[in-house]
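Take a look at the structure set out below.
Just so it is clear: chains get the letters A, B, ... in the order the sequence lines come, proteins before strands, and each one is counted from 1. Quick note: numbers below take in every heavy atom, side chains included, and nothing from hydrogens, waters or symmetry partners.
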Number of protein chains: 2
Amino acid sequence: MATTAKNSKRTATRATRRQQLIDSTVKCIARKGLGSTTTGDVAREAGLSQGIINLHFKSKNNLLNETLRYLADEYKTQFTLAIERSGPLASDKLRALMALDLRPSICDRNKIAVWFAFWGEVKSRPRYREICEKYDEYYDEVTRSLCDEIIAEGGYPGVSGTAVATVLTSLTNGLWLACLVNEKTFDRKQAMNCIDEYLNCIFPKHFPVRIL
Amino acid sequence: MATTAKNSKRTATRATRRQQLIDSTVKCIARKGLGSTTTGDVAREAGLSQGIINLHFKSKNNLLNETLRYLADEYKTQFTLAIERSGPLASDKLRALMALDLRPSICDRNKIAVWFAFWGEVKSRPRYREICEKYDEYYDEVTRSLCDEIIAEGGYPGVSGTAVATVLTSLTNGLWLACLVNEKTFDRKQAMNCIDEYLNCIFPKHFPVRIL
DNA sequence: CCAAAAAATGAATGAGTATTCATTCATATT
DNA sequence: AATATGAATGAATACTCATTCATTTTTTGG
């Protein structure tokens, strides 16, 4: 009864417990930062005991790796879904991907803080890079081929799909940073405007000015 | 005699010693990450003893704050210099600022790693934000007014200087992240191409296609 | 050259933290 | 009801690290 509503059990399946601990880790990193998150914090956040992290993850390091992997997987699910649910045109899909990154559930200051916490350690912990590598390559490939498709439809001489894809990815990451840092003066709506202005500028035929 | 150059003395002025320790801190963060940098590491890097950090900075926290402040100051110096040395036109100045961010001495993986290390902790340590706030406001203001000036020179109906400035700032930060993360496949030259493509797209009259 | 001040040292301290493991306890099985 | 299983506990352990401070080294000013 003392535990969560859904299960009255005090023992959960291994998968459930692991997920619960990963969720707690994300919360702790968002609140306290990666550097100040201790295994004790995570266990307390989950309402469990000291040793639970090592029981389920062997080490704190491993917990952090698995947490990053989970975040990457979670994002990929949304990414795939966004494309599936979008219109059939390449421009529909590209716009859907951009809107995805600025959706409240993803462009959320807590979640962004966690991503940047990992990125902030990526040089000294190459494992973090390895975990995200395959995902990033996939996103780049999808974005690039959508841009190439739009360019192939004509009207954009001299525009490189690769360069546009790089700009879109980097711009999105930079706008996330702006949302993270400039909490009071910048938000995801302004960020979406920036993206739309860029799309209109680079692919005017596919992204005409939006009347407000 | 006491304050000159390399000095034969084994004790340095307070300012010299502080700077030496800040330099060591930057190196350690670049190599080991913010989370794994200890006061002992910094002292060893500087070739000095254990207690030296507390002697000169009172606390590790204070050392980190001062290190961030130094980085921010150092960047501002370059920023001001880049504008001074550029051509007289607003477009010259804007291009100079963009080139500044992708200059080898600034778009250096070690230095970028340090910036992202601090940004990765910014939500849980608001002091980091406070230290950079005034600088960032100044850069935004300068960039925005340069864009406004270019727009005022005519030919860009419906373009917002504020939005372009935000895109440029965010794009630069995102490109830094790309340089940090994708060490093998991305570099500052590709980043500069992205910036130039964007400038050409948004302000074609001021930034015509560059023949290579 | 000497005494006082300042700078630097580095061993000692103690707070904090990841990890271990003997034990408890809920549940499933017989 | 008795037994087995393995999830969970939490006190104990081993270790790291920021900070302190008594002592040594160096500089300064008379």
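Phosphate proximity of C:dA7 to B:His56: absent, as no side-chain N or O sits under 4.0 Å from OP1 or OP2. Contact check, A:Arg17 against D:dA8: a side-chain N or O comes under 4.0 Å of OP1 or OP2. Between C:dT9 and B:Ser49, a contact under 4.0 Å exists linking OP1 or OP2 to a side-chain N or O.
A side-chain N or O of A:Lys123 and one of B:Asn110 form a donor-acceptor pair less than 3.5 Å apart.
Between A:Glu149 and A:Lys93 there is no salt bridge, since none of the side-chain N atoms of the basic residue sits less than 4.0 Å from a carboxylate O of the acidic one. Between B:Glu74 and B:Lys111 a salt bridge is recorded (basic side-chain N to carboxylate O distance below 4.0 Å). For A:Arg188 and A:Asp108, the salt-bridge test fails: no basic side-chain N is under 4.0 Å from an acidic carboxylate O. No salt bridge links A:Lys76 with A:Asp73; every basic N to acidic carboxylate O contact stays at or beyond 4.0 Å.
Here C:dT9 presents its P atom at 14 Å from CZ of B:Arg44, a figure rounded to the nearest Å. Distance A:Leu21 CG to C:dA18 P: 14 Å, rounded to the nearest Å. Atom P of nucleotide D:dA7 and atom CD of A:Gln20 are separated by 14 Å, given to the nearest angstrom. In this structure, CZ of A:Arg18 is placed 15 Å from C1' of D:dA7, rounded to the nearest angstrom. Following rounding to the nearest Å, B:Leu48 (CG) and C:dA8 (C1') show an atom-to-atom distance of 8 Å. In this structure, A:Phe57 places its CZ atom 16 Å from P of C:dT20, rounding to the nearest Å. Note: CZ (A:Arg14) to P (D:dG6) measures 11 Å, nearest angstrom.
Between B:Phe79 and B:Tyr139, the two ring planes are tilted [angle within 30° to 60°].
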Taking N or O atoms only and anything under 3.5 Å, show me the protein contacts with nucleotides 17-21 of chain D, one pair per line.
unit_1	atom_1	unit_2	atom_2	d
D:dA18	OP1	B:Lys60	NZ	2.6
D:dA18	OP2	B:Thr39	N	2.7
D:dA18	OP2	B:Thr39	OG1	2.8
D:dT19	OP2	B:Asn54	ND2	3.3
D:dT19	OP2	B:Lys60	N	2.7
D:dT19	O5'	B:Asn54	ND2	3.4

